[in-house]
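A note on names: the letters A, B, ... follow the listed sequences, proteins ahead of strands, and every chain is numbered from 1.
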Amino acid sequence: MDFELTDDQLELQRTVRDVLAQECPPDLVRAVTEGGAADELWDTLVSLDWPGLTIATEHGGTGYSWVELAIVLEEFGRAVAPGPFLATVTQFASAVRAVATPHQASHWLPLVASGAVTGAFAVDEGAGTWLLDGVSAAATCDGEDLVLAGTKRYVLDGATADEIAVVVRLDAQLRVVVVPRSALGVDAFAPIDATSVHADLDLDGCRVPVDRLLGEGDATEAISAAIDEALVAISVSTVGTCQRILELDVEYAKERRQFDVPIGSFQAVKHKLADMYRDVERARALSYFAALCLAEGDSRAAVAASMAKAAAGECQQRCTQDGLQIFGGIGYTWEHDLHLYLRRAKVGELTFGGASQHRQRVARLTLAGGLA
Amino acid sequence: MDFELTDDQLELQRTVRDVLAQECPPDLVRAVTEGGAADELWDTLVSLDWPGLTIATEHGGTGYSWVELAIVLEEFGRAVAPGPFLATVTQFASAVRAVATPHQASHWLPLVASGAVTGAFAVDEGAGTWLLDGVSAAATCDGEDLVLAGTKRYVLDGATADEIAVVVRLDAQLRVVVVPRSALGVDAFAPIDATSVHADLDLDGCRVPVDRLLGEGDATEAISAAIDEALVAISVSTVGTCQRILELDVEYAKERRQFDVPIGSFQAVKHKLADMYRDVERARALSYFAALCLAEGDSRAAVAASMAKAAAGECQQRCTQDGLQIFGGIGYTWEHDLHLYLRRAKVGELTFGGASQHRQRVARLTLAGGLA
Amino acid sequence: MRLHNDSATEAFRTEFSDWLDENLPDPAEATERPHSSADTPAWARAFQAKMFDDGWLVPAYPPEFGGRNAGLFEQLVYFEELGRRDVTRSFNPQGLGIVGASIVSFGNDQQKRDYAIPILRAEMMAALGMSEPNAGSDLAGLTTRAAIDGDEFVVSGQKVWTSGAHDADMILAFVRTDPDAPKHKGISALIIDTDTPGVTRRPFADITGPDHTDFNEVFFDDVRVPRKNLVGELNDGWRICNGALAHERAMLWIMWSQGLDKMLREFLSELRGTAKADDPVVLDKVGKLVADAQSLRLLGNRQLAKQQRGLVPAEQSILKMMGSEAQREVALLAVEALGPAALDQRRVPGHSSVFASDKHVVTWFNRYLFGFAGTISGGTSEIQRNIIAERVLGLPR
Amino acid sequence: MRLHNDSATEAFRTEFSDWLDENLPDPAEATERPHSSADTPAWARAFQAKMFDDGWLVPAYPPEFGGRNAGLFEQLVYFEELGRRDVTRSFNPQGLGIVGASIVSFGNDQQKRDYAIPILRAEMMAALGMSEPNAGSDLAGLTTRAAIDGDEFVVSGQKVWTSGAHDADMILAFVRTDPDAPKHKGISALIIDTDTPGVTRRPFADITGPDHTDFNEVFFDDVRVPRKNLVGELNDGWRICNGALAHERAMLWIMWSQGLDKMLREFLSELRGTAKADDPVVLDKVGKLVADAQSLRLLGNRQLAKQQRGLVPAEQSILKMMGSEAQREVALLAVEALGPAALDQRRVPGHSSVFASDKHVVTWFNRYLFGFAGTISGGTSEIQRNIIAERVLGLPR
């Protein structure tokens, strides 16, 4: 394998980083955290055609691979970028692409690529995992309409997205139906990270035209594949966030003096930072490997996605905890930016299953099928 | 509560330590590890009446409480004392005392107190835990005899003890029957620690007189209580062993120089030793609390025993791993004594359930019954 | 060794327990919440004063300072009874525990009358001026100057992390009075009334949220402080700094122990009956924390027993480290066990006592963040480990 | 980025794979076991010589040293094929990998002919004299002296941890030739034949058992070594010490990666079908280790890809630390998951390859102990972390 970015990919990385440095500085994140909006950032991303990065050119996208998307997501995580990108591109669009008929795809994907529609993906009903056996939300046909019932929980952007891809049961099959958010009852959380707001959705009595039912027949496998994409997206974004925490800590450890020396000369600080570095590198490697599996349609994508999510979870646990501990009091203030990163990293861990659940999934898949 | 040893107890501690320093130096342990015997040590312990420490005076013992026994056991662990003390006093005698009728007790306990008989306790059948629902070894009555069937595994001193208290099912009741080792098929292990040898026992066809069946009726609770004693004994013995590892490491860290300074001046070494110290103190506190609960018949004895075993397990894990890491190459040699302690500590962890299993038991008991 | 206290100690417990039953604030009247650690609502001031007057505020003190010369185990059962009921003695804990205590121990009679007793009776709110921007873990490096000018000190410099300063009437400030002396010589303790000209307090929000404001930066700009406000001897501040907690030093672990017990209790009551209560991975961690809580209590008890016997216990060195780290762990486990439900900051665990001071710290996520206060302030966990290695184990500095 | 190699690399794999299929030792004849890391049974000597002669021993070398000037990815697939079959190239790994490599890189023609090629062809067994009793982690502190006396060096001092010295024909010893120079100047590399008068080798047992004897103390008592045995320039030994591994440095991670894979594979095959394979606490740890193994492979691959592009990779700094710690963890998990069954040292996991050299290291408990060799020797894990912090992250020393 060739496990390093190509020159073109490195160029993309630089471009994304430059754009975000300009358009998404910590002040913007802080403004959103304290109640503001980030509409201009989204407009910029749309003008750069990034929502359609991995959407096929025939659907108005750029047609890049998942590796390029991973590059963008890592930078988004590094900048704690707010806005609808993550849910729209890595959850809604993934679900649509995985499940829809070609005809439906040619309707929805151009809308995503052009930035005309933002989306979300509603799977979980309270277990806090990615597991589909917990789905009991139901759709029933009523003439030309589908009538929905049930509740979806912890939906990223569930309170703000235009359209929501909802996983339901229909005649004992798992299906995805695209529902306008305006047709649903929405209960948004008071979030720990105001840049990624989750919501519970009440489906009861919601009625949509039957052509919003994606694909044909049971979509369990396709939904699983879409969820794997969501896992990898959260993982690589978390890597970016943790990378930034590490950078902030290293910088601080070089400058801050206690007992007449920089605190970075204490072995306790050095070893914490060395372990953070190792965890970031490990999570990055596993995230890009998962992205590469997605890009090449490799059969290891599922186990790779869970390895990435587990590694990102371990990485955020160490980087948030030791990252804050190294900063000491300064990092404990609202005024310091550290907590912006910390909150985002923790949100990633808490959604679509935590590190321990994914480690167990990796173990079960490996015991069943041999080493990756 | 008064959670410190009394003057008398401190005096006992000094006495035991002095005796073992004299009678059980590391050279003796090494000799046993390399194939020798420790018969003289056992003769000395018998001459000091220690096997009967907690056996009532009416049965020829000294009648001390479990706290005094804990003091002795900690010193035994500290000296990695070989020989039949642990299995005889904290497993065989505990089982007999918990289960036997007064008449049977007055037969067996004086034999233990006088050192005339060494014993073992056979519970496990392969699960590697203390759990009684795995017992399927059976006894059936045949006239004046009991006939046994089944296999017992991982029995400490199972290859050497005179008498073995075997947990069996008889008419759907859990019972204990005392079997002469000579009547059993014995398969001794090649042990990781030659000072504590385990064996598998083959009960099939073994025939003993019916008066060797202890007590009357189902003994599940009494057996559980005896197992709790075994847990506390292993825990407090492990504390002593880890204490010695800590002492050896501290001493070495003060002396050994690298990069022109004692390695104990490096923060990485300091913090490892500080954590080892904390874990030893924590495990010691929980072990003595459990001993105190046994001494006073407190209802928290079961949860306390598992807390002690869990804490001892965490403590040995850290002390063996970091204790060896701090010593570096020197500790990696057969010639250095460190591994004698390391092996004993690891044996404790591997018997009667490991730390994780006991943590789970603590959690279940606590969830069921409130905090201890 | 024995599990139970003697009957005299238990009688003491009963006496206090009865007093509490009789005198606890009426929840209907105790509705006002404090908004900083030097803000005490009227109902709480009244309760604290009542504790003082009846000799139950600091039992170890003599009666004139609100106590009854209680022994160590009497103090222990006292705190157990407070903890069992979630009773907070004072909403100005640094006033009661450090500032008041320092003046009781080292102040002169006038300072005791004018400051210590009003602080203990909650008539005056106090703050502690110790940390500085460049003297956090390295307290001996403080640089706030106090130059002597006739009958006055002229104080210049900056303090930070001064809890509740914006609501405090006075600050006990540690200042450098001899710049030429070695680092931890040349420090003195001064009482500085917060309305003295030149004192500026800037409260700032902590990590838990922009509206959670307790810490302050305090700037001293040529602040003139009368010489009579010097506590103890000139240049003897380091001793005061270390001795301030003498009266209840043996009891400091109780705060960690009870805080941990409370969090565990609340977490377990959330866990009971959920699917996670049967998840071995969660149970594994719960068992660890239950044992942590129990060992903290045991080691605290052992420390007391040693002191009772006139020995010098080493337990103290690990209790704060164990307690603060375990508290952070419980909160993190709760966050993880809740999973995405922990994203919702409207979810407030536990029952609320009349003394519950601050909703900011009681969501599990904020409790996790708040846990860092324990592993950072008052000597970071890293420094605690250095101390254990050097002072307890005797390793070279 | 792409998952698969180009076809030329895969063709190289096929060529080597075919060669192995044809030339692997016959198990029936390969029964004799080596008893130290400088002891090679006749069948293994023959196989190693065959690899040399056919250019498969060190593919990166030119043909005259048993290679074929292979590129980085060719070397990678070469090691993958060896690993897949559990093939050991040499039972004298320090001879092949360090001593031979040092002489190939820094020796003169005569040394290459008299030492390097015989070592590579397994006609001569070599040991490495680097560590000393007081120079373990601090290698620059070595004190074995070599004074120049005419055409000879006179060597005095002691080495330790010299693997296989008692079975070796020669030792490449690092000695101090200029005692006045700063610490890591003044060191030279000497070839010392083990039968030279004054050389005493005392093998000693390691922690895994009294009969597991590979390490030696080596004493030099006025040992006279001809000047022509100096490798490289006088006082240039530090460069040799660091440069010895240059040819396969990019491949060092493979050892950790393959060792970890092998242990995991054997552990998982023991676990399959047992009750522990459904225990979430065990699965949680297994998942962690599977991800460790995969990330090690990925980071190793990334290092190669960077080198291929002419970049200087930083991955190397974490690979050894990750690999050695993960290996220790797998063994510990196996011991814990086995429970008391792990007490029985007769239980030998895994299948045995003809190359399996040492039963001492393959019980899980001994593998756990053996794991410490990885976290201690060649720079302890603590020193690896210092290096990462200082060289990769740029923290002050």
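Ranking D:Val286, D:Val392, D:Asn301 against chain A, the residue ahead of the rest is D:Asn301, based on heavy-atom pairs under 4.5 Å. Each of D:Leu395, D:Asp284, D:Leu283 has some count of heavy-atom pairs under 4.5 Å with chain A, and the biggest count is that of D:Asp284. Looking only at heavy-atom pairs under 4.5 Å with chain D, the residue among A:Ala311, A:Ala285, A:Ser65, A:Ala283 that has the most is A:Ala285. When each of A:Leu246, A:Leu292, A:Asp298, A:Val362 is checked for heavy-atom pairs under 4.5 Å with chain D, A:Leu292 comes out on top. Of all the listed residues (D:Leu271, D:Leu76, D:Asp292), the one sharing the greatest number of non-hydrogen pairs under 4.5 Å with chain A is D:Asp292.
Of the two parts of D:Glu382, the backbone and the side chain both hold a non-hydrogen atom closer than 4.5 Å to a non-hydrogen atom of chain A. Using a 4.5 Å cut-off between heavy atoms, A:Arg361 does not touch chain D at all. In this structure, chain D has heavy atoms under 4.5 Å from both the backbone and the side chain of A:Val250. Contacts between D:Glu10 and chain A at a heavy-atom distance below 4.5 Å are absent for every atom of the residue. Contact annotation for D:Leu3: both backbone and side-chain heavy atoms come within less than 4.5 Å of a heavy atom of chain A. For a residue to count as touching a neighbouring chain, one of its non-hydrogen atoms must lie under 4.5 Å from one of that chain's; by this rule A:Glu314 touches chain D with the side chain only.
Between the side chains of D:Ser17 and D:Arg85, at least one donor-acceptor pair of N or O atoms lies under 3.5 Å.
At a heavy-atom cut-off of under 4.5 Å, chain D is reached by A:Asp2, A:Phe3, A:Glu4, A:Leu5, A:Thr6, A:Gln9 from residues 2-17 of chain A, listed in order of number. Chain D is approached within less than 4.5 Å, heavy atom to heavy atom, by no residue from residues 230-242 of chain A. Within residues 350-359 of chain A, the residues approaching chain D closer than 4.5 Å by heavy atoms are, in numerical order, A:Ser356, A:Arg359. Proximity to chain D at a heavy-atom threshold of 4.5 Å picks out A:Gly264, A:Ser265, A:Gln267, A:Lys270, A:His271, A:Leu273, A:Ala274, A:Asp275 from residues 264-276 of chain A, in numerical order.
Remark: side-chain polar atoms of D:Arg2 are paired, donor with acceptor, to backbone N or O of D:His4 under 3.5 angstrom.
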- Task: Show your working on ring-ring contact (aromatic ring centres under 6.0 Å, His included) between D:Phe79 and D:Trp256 and close with a plain yes or no.
- Result: CA-CA 12 Å; D:Phe79 283 107; D:Trp256 298 108; over 10 Å; no
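The nearest pair of heavy atoms linking D:Met322 to D:Leu299 is SD-CD1, 3.8 Å.
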